[in-house]
Amino acid sequence: QVQLVESGGGLVQPGASLRLSCAGSGSSLNYYAIGWFRQAPGKEREAVSCISVESTGSVFYEESVKGRFTISRDNALRRVYLQMNSLKPEDTAVYYCAARFPGSSATKFYYTHEDEYDYWGQGTQVTVSS
């Protein structure tokens, strides 16, 4: 079992950058597929970026964040990051990290549906406004 804690959110102006961090306790995130999701007011939660267990494996980006967001792992620190550049007001949302233990046979796959994840953090607010 793993407990997830997100950090790094905040209030920024359009065009600014933020780096979100997802840290795990109880078990190393190195063995979990990780997804970053976001939920804006009045909208459903959506997958923003996802990464497989193998950091050189598969990654996913939602269309609107391609070229602006980068997901990465730091296995030494047991963290997963979401670097967000060129932020836009429409990026405003609560951002969650989620973890799934895929087993040894599925370490190259990412997962984009929230039902596929077993563990969730409490979320961190990102607000992009001038």
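Predicted model, so just to flag it, every value in this text is computed and none were measured. Quick note: numbers below take in every heavy atom, side chains included, and nothing from hydrogens, waters or symmetry partners.
Figure legend: Arg38 and Tyr95 shown without cation-pi pairing, the cationic atom not lying both under 6.0 angstrom from the six-membered ring centre and within 45 degrees of its axis. Relative to the six-membered ring of Tyr32, Arg100 misses at least one condition, a distance below 6.0 Å or an angle of at most 45° to the axis.
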Item to complete: Walk me through it: do Gln3 and Tyr119 pass the test side chain to side chain contact (heavy atoms under 4.5 Å, CB included)?
Response: CA-CA 7 Å; Gln3 293 79 45; Tyr119 306 102; over 6 Å; no
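Put simply, the side chain of Asp74 gets close to the backbone of Leu77: a donor and an acceptor are under 3.5 Å apart. Distance alone, capped at 3.5 Å, places no donor-acceptor pair between the Ser27 side chain and the Val2 backbone. The backbone N or O of Asn75 lies less than 3.5 Å from a partner atom in the side chain of Asn30, making a donor-acceptor pair. Distance alone, capped at 3.5 Å, places no donor-acceptor pair between the Arg79 side chain and the Cys22 backbone. Under a 3.5 Å cut-off, the side chain of Thr107 and the backbone N or O of Val53 do not form any donor-acceptor pair. No donor-acceptor distance shorter than 3.5 angstrom exists from the side chain of Glu62 to the backbone of Lys66, with no hydrogens or angles considered.
Residues Leu20 and Trp36 share a closest heavy-atom pair of CB-CH2, 3.6 Å. The nearest pair of heavy atoms linking Arg68 to Asp91 is NH1-OD2, 2.7 Å. Shortest non-hydrogen contact noted between Leu11 and Ser129 is CD1-CB, 4.3 Å. Residues Tyr81 and Ser21 share a closest heavy-atom pair of CE2-OG, 3.6 Å. Nearest heavy atom pair, residue Lys108 against residue Ser58, reads O-OG, 2.9 Å. Minimum heavy-atom separation, Ala99 to Leu4: N-CD1, 3.7 Å.
Tyr111 and Tyr117 have perpendicular rings, their planes meeting at more than 60° on a 0 to 90° scale where under 30° would count as parallel.
The environment of Arg78 atom CZ is sparse: at most 12 non-hydrogen atoms of other residues, nucleotides or ligands sit within 6.0 angstrom.
Between the side chains of Glu54 and Ser52, no donor-acceptor pair is found at a separation under 3.5 Å. Side-chain contact check for Glu90 and Thr92: no donor-acceptor pair (N or O, by modelled atom type) lies under 3.5 Å. For the residue pair Ser130 and Gln13, no side-chain donor N or O sits within less than 3.5 Å of a side-chain acceptor on the partner.
Neither Ile34 nor Val94 shares a network with the other; the hydrophobic side chains, linked directly or stepwise wherever heavy atoms of I, L, V, M, F, W or Y lie under 4.5 Å apart, form separate groups for each. Under the 4.5 Å side-chain heavy-atom criterion for Ile, Leu, Val, Met, Phe, Trp and Tyr, Tyr96 and Phe69 are members of distinct hydrophobic clusters. Follow the hydrophobic side-chain contacts under 4.5 Å out from Tyr31 and you reach Val80 in the same cluster. Linking ILVMFWY side-chain heavy atoms closer than 4.5 Å, directly or via other members, places Met84 and Phe60 in two distinct hydrophobic clusters.
Side-chain contact check for Val59 versus Thr70: every heavy-atom pair is 4.5 Å or farther apart.
For Phe37 and Trp120, the gap between ring centers is short of 6.0 Å.
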